[in-house]
Number of protein chains: 4
Amino acid sequence: MSDVGVWLVGARGNIATTAMVGAKAIARGETDTTGMVSARRPVSRLDMPDVSDLAFGGHDIRTGSVPEDARRLAEENGMPHPSTVEAVADDLADVDDHVHVGTALNCGESVEALSNAELLEEDRTVAEIVERIRDDVDSFRRAEGLDRVVMVNVASSEPPVENPDDYATREAFESAVEGDDRDLPASSLYAYVALSEGHPYANFTPSAGSSLGGLRQLAREEGVPHMGNDGKTGESLVKAALGPMFAGRNLRVMSWEGHNILGNTDGQVLEDERNKAGKIESKGDILDGILDDDFHNRVRIDYTPSLDDWKTAWDYIHFEGFLDTEMKMQFTWEGSDSALAAPLALDLVRLLSNADERGESGLQTHLASFFKAPLDVDEHDLARQFTWLYDYVDRNAGEETPDGVTAETPTDD
Amino acid sequence: MSDVGVWLVGARGNIATTAMVGAKAIARGETDTTGMVSARRPVSRLDMPDVSDLAFGGHDIRTGSVPEDARRLAEENGMPHPSTVEAVADDLADVDDHVHVGTALNCGESVEALSNAELLEEDRTVAEIVERIRDDVDSFRRAEGLDRVVMVNVASSEPPVENPDDYATREAFESAVEGDDRDLPASSLYAYVALSEGHPYANFTPSAGSSLGGLRQLAREEGVPHMGNDGKTGESLVKAALGPMFAGRNLRVMSWEGHNILGNTDGQVLEDERNKAGKIESKGDILDGILDDDFHNRVRIDYTPSLDDWKTAWDYIHFEGFLDTEMKMQFTWEGSDSALAAPLALDLVRLLSNADERGESGLQTHLASFFKAPLDVDEHDLARQFTWLYDYVDRNAGEETPDGVTAETPTDD
Amino acid sequence: MSDVGVWLVGARGNIATTAMVGAKAIARGETDTTGMVSARRPVSRLDMPDVSDLAFGGHDIRTGSVPEDARRLAEENGMPHPSTVEAVADDLADVDDHVHVGTALNCGESVEALSNAELLEEDRTVAEIVERIRDDVDSFRRAEGLDRVVMVNVASSEPPVENPDDYATREAFESAVEGDDRDLPASSLYAYVALSEGHPYANFTPSAGSSLGGLRQLAREEGVPHMGNDGKTGESLVKAALGPMFAGRNLRVMSWEGHNILGNTDGQVLEDERNKAGKIESKGDILDGILDDDFHNRVRIDYTPSLDDWKTAWDYIHFEGFLDTEMKMQFTWEGSDSALAAPLALDLVRLLSNADERGESGLQTHLASFFKAPLDVDEHDLARQFTWLYDYVDRNAGEETPDGVTAETPTDD
Amino acid sequence: MSDVGVWLVGARGNIATTAMVGAKAIARGETDTTGMVSARRPVSRLDMPDVSDLAFGGHDIRTGSVPEDARRLAEENGMPHPSTVEAVADDLADVDDHVHVGTALNCGESVEALSNAELLEEDRTVAEIVERIRDDVDSFRRAEGLDRVVMVNVASSEPPVENPDDYATREAFESAVEGDDRDLPASSLYAYVALSEGHPYANFTPSAGSSLGGLRQLAREEGVPHMGNDGKTGESLVKAALGPMFAGRNLRVMSWEGHNILGNTDGQVLEDERNKAGKIESKGDILDGILDDDFHNRVRIDYTPSLDDWKTAWDYIHFEGFLDTEMKMQFTWEGSDSALAAPLALDLVRLLSNADERGESGLQTHLASFFKAPLDVDEHDLARQFTWLYDYVDRNAGEETPDGVTAETPTDD
Ligand SMILES: NC(=O)c1ccc[n+]([C@@H]2O[C@H](COP(=O)([O-])OP(=O)(O)OC[C@H]3O[C@@H](n4cnc5c(N)ncnc54)[C@H](O)[C@@H]3O)[C@@H](O)[C@H]2O)c1
Ligand SMILES: NC(=O)c1ccc[n+]([C@@H]2O[C@H](COP(=O)([O-])OP(=O)(O)OC[C@H]3O[C@@H](n4cnc5c(N)ncnc54)[C@H](O)[C@@H]3O)[C@@H](O)[C@H]2O)c1
Ligand SMILES: NC(=O)c1ccc[n+]([C@@H]2O[C@H](COP(=O)([O-])OP(=O)(O)OC[C@H]3O[C@@H](n4cnc5c(N)ncnc54)[C@H](O)[C@@H]3O)[C@@H](O)[C@H]2O)c1
Ligand SMILES: NC(=O)c1ccc[n+]([C@@H]2O[C@H](COP(=O)([O-])OP(=O)(O)OC[C@H]3O[C@@H](n4cnc5c(N)ncnc54)[C@H](O)[C@@H]3O)[C@@H](O)[C@H]2O)c1
Ligand code: NA
Ligand code: NA
């Protein structure tokens with residue numbers, strides 16, 4: 001595999017920091033690849049860049065120092081272990097050269113409030129912002145001598161775009177950029193740079209990113225693989241695994257209440273109802289896509305500062321079975337959001353690198369299992385999404401005997 | 001479809017009673033088929049007997065009256081609704097003619113203690129017991145003018161058979177019957193009658209039933225479809241749905257504690273460590289078959305009288321993710337065991353009827369999703385087991401356009 | 001004890017209906033007094049009217065039939081048992097003569113939407129409404145030949161009163177009534193009738209009721225005992241029991257998240273943010289009064305129709321102990337709100353009867369344990385509130401040897 | 001206050017180590033006194049030794065190094081913070097001089113298996129063991145120039161003593177020591193030394209300790225204050241807080257299931273059914289002492305290695321309310337056992353020091369709230385036990401205005 005770089009939009013955030021600490025810690029033998037889908041059979045059969053070899057750079061709207069970001073994370077969340085952070089602190093310091101201040105255009109007030117820097121939009125047209133982003137990415141590629149850069153959006157969630165249809169074609173999108181249309185969302189400007197430069201792109205957030213029609217067209221025309229939206233890491237992952245059980249057994253879910261509490265910056269931004277809107281929608285849609293009937297489906301996300309990066313979800317499922325019998329299932333999920341998300345961000349980089357190498361183009365729907373609102377995908381059954389991924393691996397993993405799903409049921413003789 | 005009868009071993013128990021109340025209540029329009037897998041697409045595409053048309057008979061070791069059994073169940077568990085029981089009380093009374101006292105051979109003391117009747121083994125050889133069971137089933141078939149009888153074992157769990165290898169061939173089994181081998185378990189005597197008469201058989205319990213080598217051979221040679229063991233209804237169902245999520249995401253389960261409390265007769269019998277043994281084993285094996293690594297896997301089943309038929313499970317899952325981060329998931333499941341199990345018993349009758357009609361023979365491994373310890377099956381991933389079933393339906397459901405699993409991932413154009 | 005009548009404001013609601021079914025079922029030996037504080041030592045030592053002897057009447061804003069209200073409750077919630085309702089249906093039918101349409105003045109739109117009747121305020125001045133309420137209560141008293149009537153407010157929660165200080169004195173309140181001040185809340189009009197007629201009064205809701213300064217003065221001047229606000233039945237009861245444990249052990253609560261879901265009419269009314277306001281406040285204040293430090297204290301109440309009268313609360317307590325160690329406690333509470341509340345309403349009637357008989361006057365703060373926001377009480381520790389009640393009983397229960405709290409610690413000899 | 005030393009039996013265990021780290025960390029300003037009952041009003045009003053001034057020594061059956069014990073604890077449990085351990089490592093090293101190998105007489109095989117040292121009993125009579133323990137304690141007292149030593153038993157739980165009546169008097173106990181009665185339990189030998197030397201004693205374990213009749217008599221005759229048994233820290237604490245809520249509201253508990261999982265050495269020792277026996281008993285008795293009726297009361301303790309020092313309890317409470325309505329409460333408690341226990345061990349030292357200074361003698365029943373099975377105490381209501389403690393403080397805290405319980409209910413004027 002050729003040399004691959006990772007461009008993190010939101011590079012000083014929790015997911016980005018955890019991904020970098022993790023990759024460096026794996027490289028130094030301080031930890032293993034637990035939590036990475038691409039490190040386990042069958043996905044590991046694909047020819048992908050080593051996680052140890054990845055180079056990192058990115059944009060954020062806050063200035064700072066990657067080692068300090070990591071220390072703060074360790075201190076506040078007990079994750080990663082402080083000793084792990086120290087073991088890779090020098091490696092992290094090297095990344096700082098490639099972390100630049102970006103744009104927060106249309107990210108909303110609560111995101112802007114996070115920034116301690118002069119943002120690109122303060123004295124630039126949209127076209128100039130795009131140019132600057134392009135330069136930052138390109139100088140990283142050249143400085144590190146990379147064959148390929150994969151951009152991953154792990155920045156704060158933006159409010160939904162109001163008129164996505166205004167950007168339905170490549171032409172419309174590019175005219176908007178040129179015409180200094182200041183309604184364009186930051187996430188799509190970053191995505192535009194990636195796709196127009198031929199860099200694979202993954203959107204781990206519910207923000208618009210590459211989902212606008214014009215950017216999809218661009219990706220197809222330029223032959224660039226991309227996928228989104230919104231990483232599926234905790235409560236929503238469990239929903240996608242459990243929902244099909246109720247459906248498959250013809251148990252009628254009457255109410256599914258999901259109540260999430262979390263305390264990190266992400267949670268703080270989601271306090272803002274506008275930024276929360278997209279998130280609530282992608283979380284709710286999962287079950288609607290799995291369960292047959294109408295049911296009461298509520299998702300709450302609340303900010304609870306003492307939890308820091310630990311997200312706790314309580315789900316209460318009220319369902320009806322045979323003879324109108326009412327029954328209940330409840331679960332609580334207590335996870336470190338960043339520890340769950342970061343390895344998936346690295347998986348996406350590795351999988352998109354492989355896809356790009358093999359000339360794949362456009363939406364990578366076989367990556368649906370990674371996302372809460374996978375673009376162009378209606379299937380929300382986690383197991384079926386896993387099967388898509390495993391089948392894709394079987395088709396693309398070279399000579400080896402396929403494994404993954406056992407297609408045939410056993411016979412009795 | 002031809003006329004089908006259901007022979008319930010354990011006919012006065014909770015599952016049997018619930019199944020009969022349910023079938024009659026559906027026939028009278030008092031309830032719907034919620035909870036029945038065979039009533040929902042895609043399985044409903046198969047040509048199966050109507051649940052409203054099923055006739056019922058069976059063995060138990062307790063005498064009594066089916067309507068009274070149903071009233072007691074309603075009273076104690078709040079399931080089924082008392083008004084539903086009254087609406088079908090006359091239908092249930094008709095069943096009593098075909099419920100006979102059977103055998104409790106090697107069912108253990110706690111099962112024998114349930115009996116208020118003179119059991120067949122008290123003054124009969126094993127061969128005579130078998131003959132009597134055969135006569136009971138046959139007179140039901142003739143009296144009701146049935147084309148086909150499906151036997152379902154929903155009797156109390158027996159202790160594990162000590163020397164299953166003694167019955168590894170049809171010849172060995174049949175010699176044991178003839179030679180009055182009083183180590184043979186009751187469940188296998190019932191199964192022997194079913195299979196040797198050409199009646200499909202399902203074993204909803206962890207007891208030996210048709211799993212002995214000699215009976216499997218018999219089923220193949222006589223061309224009879226059968227399947228078991230141990231219905232998968234509550235906590236174990238959830239394990240089979242959730243386990244693959246942890247595996248697929250490469251999250252390392254360190255401990256999975258399952259603690260079940262229940263209060264019905266089943267729970268009382270399982271108080272006996274010997275009868276509990278088989279149950280604990282089939283519950284534990286599910287996860288071992290799904291998760292890659294060694295982990296701490298404990299299942300407890302405790303008897304809590306006040307719960308009656310309501311089984312509550314608390315599961316605590318301690319797992320490790322990226323950067324050695326420890327996380328936790330907990331769930332509680334509060335279900336009416338009988339309301340969960342009874343529709344599956346009816347599903348098995350319908351599916352085995354269809355299989356028999358189409359000439360299927362031997363183990364029906366595509367029914368794995370119904371069982372905790374599906375015979376000859378190593379795959380415990382619920383979604384894959386569902387896929388086997390749906391694929392089987394697609395192959396056997398006639399002209400109609402197949403549905404079920406979407407084989408292809410969406411494309412982006 | 002003399003003959004006592006109960007006047008229920010909200011007489012067709014769940015609590016009222018449950019209280020009446022319960023009292024009648026106890027009278028007929030169909031159930032026992034489980035759930036009634038006054039039926040258990042030490043409180044039972046007081047000389048109180050028998051629950052079997054209570055007569056019932058009341059106001060509602062909906063017309064209907066008490067037996068039908070009870071049947072609907074049984075059908076929807078599985079509580080009370082249908083057979084119990086039938087056993088007392090005739091007794092309940094007798095009550096209907098004394099249930100009249102009242103007023104919904106300032107109860108908000110969501111309450112008005114419940115009404116199917118012509119409300120008193122439609123063509124009356126406030127003074128005329130009061131007169132009509134007075135007549136209704138009085139004709140009940142006379143028809144049933146009662147010595148005493150106790151009014152209990154179990155009507156829907158009203159929005160908070162905007163200017164409570166406008167009614168700070170008896171004179172101000174009475175002038176407002178006379179001057180047709182249409183900002184007066186319905187609950188206080190009912191309370192005014194009770195207190196001015198010398199009838200003890202309890203407010204089981206967060207509505208204003210007797211808490212306005214003018215009504216408190218009236219109660220003192222007329223020598224009438226009364227108490228409120230807002231019955232403490234479920235999650236808030238648990239908070240009042242658990243909070244002192246954390247405080248007593250010097251464990252620092254950082255966050256206490258309480259999430260309530262319920263599906264009855266009460267839940268539906270509380271969907272309205274204005275009506276919910278008072279409820280959230282009284283629930284939240286309990287912990288603030290118990291725990292030393294500032295902490296994150298959130299209460300959510302959500303409407304989940306499928307739950308009917310069953311309220312489920314999930315509470316998540318994040319606390320810190322020795323050496324800055326973070327720990328967690330979670331609980332779920334699944335209770336029938338009406339089954340929890342109704343016996344307390346009967347307890348309050350019995351306790352206020354006894355108080356009235358003995359000439360008590362004004363706020364009955366020793367009843368604090370019954371209320372989420374006990375008037376004039378800062379102490380929210382449930383155990384201390386229980387101690388107040390038990391001490392009060394000891395002082396007022398006659399000759400018998402006191403029991404209740406053991407004042408002295410054991411000695412070692 | 002005079003100079004006070006703490007003698008920890010089980011000095012290398014988790015509680016002892018945590019107590020020492022905590023005291024030293026408080027002394028160095030690295031943490032605060034959260035979790036200590038004696039650091040909070042009203043208990044803090046008593047004149048007690050500063051936790052920063054306490055000196056430490058003790059016995060264990062394992063050799064090692066206190067700083068290393070602390071590092072291992074930090075590493076495995078994430079508690080205490082590694083940086084805190086390093087900040088006090090030198091202080092801890094000083095303690096090692098006073099930690100000696102003791103005796104494991106009648107502690108059972110699983111405890112003996114922990115030992116890596118030559119135990120005192122290997123070549124000594126019981127009288128000689130006692131003499132050696134006495135010398136160890138005394139040389140600590142002299143070396144540190146202490147006015148007072150308080151012994152706290154935080155060693156592994158022993159199996160119950162088979163014939164406690166054999167040691168019912170001081171004379172019987174002392175004859176047994178002299179007569180080399182090798183049935184005497186280790187815990188009572190340590191307690192004997194403490195009490196006969198005039199040192200206050202607290203037993204944080206369910207082992208016999210000072211509870212034998214002969215030792216109680218000794219304590220009274222020698223004027224030494226002591227108390228036990230078995231620290232009340234987690235699930236049992238919650239039971240003692242919640243049980244009275246059900247009782248006070250006349251809610252009938254039908255079943256209370258408690259299921260504990262933990263992974264530390266304590267959990268490992270409790271795997272041994274004999275050592276577990278006493279623990280299960282004291283945990284179960286709490287509720288029996290609080291709830292009126294007979295109910296199903298089960299406590300399970302299981303060893304789950306991955307949890308280390310984190311104990312998780314799941315409790316399921318099935319109760320009945322008004323009109324025979326069945327309801328449920330569940331809770332989970334996730335605590336660091338050592339972080340919960342250690343501050344209480346320090347509290348007991350401080351409280352017993354004060355008691356000793358003021359000439360108290362014999363059982364200190366006002367300390368009941370600290371123990372699961374408080375000696376000579378039948379009252380298990382946590383709030384009442386707290387009240388005993390607060391009343392005791394009020395009586396003994398000197399001139400200051402008493403606070404704590406508000407004795408009088410508020411009045412309304
Ligand atoms: N952690 C999870 O499990 C998970 C799951 C799904 C989606 N997500 C999404 O991933 C994103 C990142 O999550 P996180 O926990 O790391 O959040 P975070 O708040 O820790 O990090 C976000 C970072 O993005 C930066 N940022 C904000 N706007 C930016 C912009 N326009 N350009 C460049 N940088 C910008 C912020 O300064 C911050 O450093 C969020 O949108 C979150 O909703 C997270
Ligand atoms: N309910 C579930 O969810 C579930 C799931 C998996 C397996 N199972 C198994 O299904 C079986 C039935 O469960 P249930 O709840 O109905 O139990 P149950 O105790 O209510 O009924 C069992 C009935 O079998 C009868 N019986 C016992 N031994 C017999 C024998 N040798 N011959 C004939 N009758 C006999 C008993 O008298 C009783 O009437 C049990 O073995 C149980 O372990 C149940
Ligand atoms: N159930 C509990 O556990 C609990 C606890 C604390 C407080 N409460 C409060 O008790 C009250 C009653 O609860 P519920 O569950 O019986 O509610 P409900 O909705 O079943 O009953 C309320 C009844 O009051 C009637 N009503 C509304 N406004 C009225 C008015 N102005 N005059 C006369 N009648 C009026 C309604 O028509 C309805 O019949 C609510 O305010 C609730 O918030 C209930
Ligand atoms: N942690 C809690 O919350 C809690 C609550 C109540 C009671 N307890 C009891 O406190 C005790 C200590 O708990 P822990 O978690 O510290 O256990 P631990 O296993 O970490 O420590 C016990 C120590 O005692 C030593 N020991 C064993 N027998 C001894 C003997 N005869 N003489 C001297 N030392 C001996 C062991 O070597 C070990 O170092 C246990 O008995 C436990 O049951 C603990
Ligand atoms: Na395995
Ligand atoms: Na406070």
Side-chain angles (χ1 to χ4, degrees), chain A residues 18 21-22 25 31 33-37 39-40 79-81 84 216 220 237-238 241-242 244-245 248-252 320-325 327-336 339-340 342-343 362-363 365-366 376-377 379 381-384 386 388 392 405-406 409-413, chain B residues 18 21-22 25 31 33-37 39-40 79-81 84 216 220 237-238 241-242 244-245 248-252 320-325 327-336 339-340 342-343 362-363 365-366 376-377 379 381-384 386 388 392 405-406 409-413:
Chain A
T18 306
V21 171
T31 189
T33 55
T34 298
M36 288 185 63
V37 170
R40 178 183 179 263
M79 187 286 308
H81 292 293
T84 309
R216 295 185 190 208
R220 281 195 305 273
L237 179 72
V238 181
L242 277 181
M245 178 191 84
R249 279 293 174 84
N250 203 6
L251 297 166
R252 196 169 72 80
E320 194 180 72
F322 201 51
L323 280 163
D324 315 305
T325 309
M327 307 187 246
K328 287 145 200 171
M329 177 172 181
Q330 301 177 43
F331 68 83
T332 54
W333 170 268
E334 296 180 89
S336 162
L340 289 162
L363 280 181
T365 52
H366 61 273
D376 272 14
V377 173
E379 178 62 78
D381 178 327
L382 181 68
R384 293 192 186 166
F386 277 158
W388 290 353
Y392 169 92
V405 193
T406 312
T409 49
T411 54
D412 167 41
D413 33 35
Chain B
T18 306
V21 171
T31 189
T33 54
T34 299
M36 288 185 63
V37 170
R40 176 181 180 264
M79 188 285 310
H81 292 292
T84 309
R216 297 184 189 209
R220 283 194 305 272
L237 179 72
V238 181
L242 277 182
M245 178 191 83
R249 280 291 173 86
N250 203 6
L251 296 166
R252 196 168 72 80
E320 193 178 74
F322 201 52
L323 281 163
D324 314 304
T325 309
M327 306 186 244
K328 286 145 200 173
M329 178 174 178
Q330 301 178 42
F331 68 83
T332 53
W333 170 267
E334 295 179 89
S336 162
L340 290 162
L363 282 180
T365 51
H366 60 275
D376 272 14
V377 173
E379 177 64 77
D381 179 324
L382 181 68
R384 293 192 187 166
F386 276 158
W388 290 354
Y392 169 92
V405 194
T406 311
T409 50
T411 54
D412 168 41
D413 35 35

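Proteins get letters first, then strands, A, B, ... in listed order; numbering begins at 1 in each. These figures come from a predicted structure and were not determined experimentally.
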Chain B interface, residue from A/F322, A/F331, A/W333 that has the most non-hydrogen pairs under 4.5 Å: A/F322
Part of A/M36 lying under 4.5 Å from any heavy atom of chain B: both
Region of A/A339 in contact with chain B, defined by heavy-atom distances below 4.5 Å: both
For A/V37 against B/G248, the heavy-atom pair lying closest together: CG2-O, 3.5 Å
Engaged part of A/L382 at the chain B interface, taking heavy atoms whose separation is under 4.5 Å: side chain
Nearest non-hydrogen partners of A/G35 and B/L251, listed with the distance: CA-CD2, 4.2 Å
Best-contacting candidate, A/A25, A/A241, A/A39, A/P244, against chain B by heavy atom pairs under 4.5 angstrom: A/A241
Region of A/P343 in contact with chain B, defined by heavy-atom distances below 4.5 Å: both
Among B/M327, B/M329, B/R40, residue most engaged with chain A (heavy-atom pairs, under 4.5 Å): B/R40
Side chain to side chain donor-acceptor pair (under 3.5 Å) involving A/S336 - partner list, sequence neighbours excluded: A/D309
A/E320 versus B/T34, closest heavy-atom pair with distance: O-CG2, 3.3 Å
Nearest heavy-atom neighbours spanning A/M245 and B/F386: CA-CE1, 4.4 Å
Partner set under side chain to side chain donor-acceptor pair (under 3.5 Å) for B/T31, not counting sequence neighbours: A/D324
Under 4.5 Å from any heavy atom of chain A - which part of B/T332: both
Min side-chain heavy-atom separation A/E334-B/Q330 under 4.5 Å: yes
Top of A/T84, A/L237, A/V21 for chain B proximity - count of heavy-atom pairs under 4.5 angstrom: A/L237
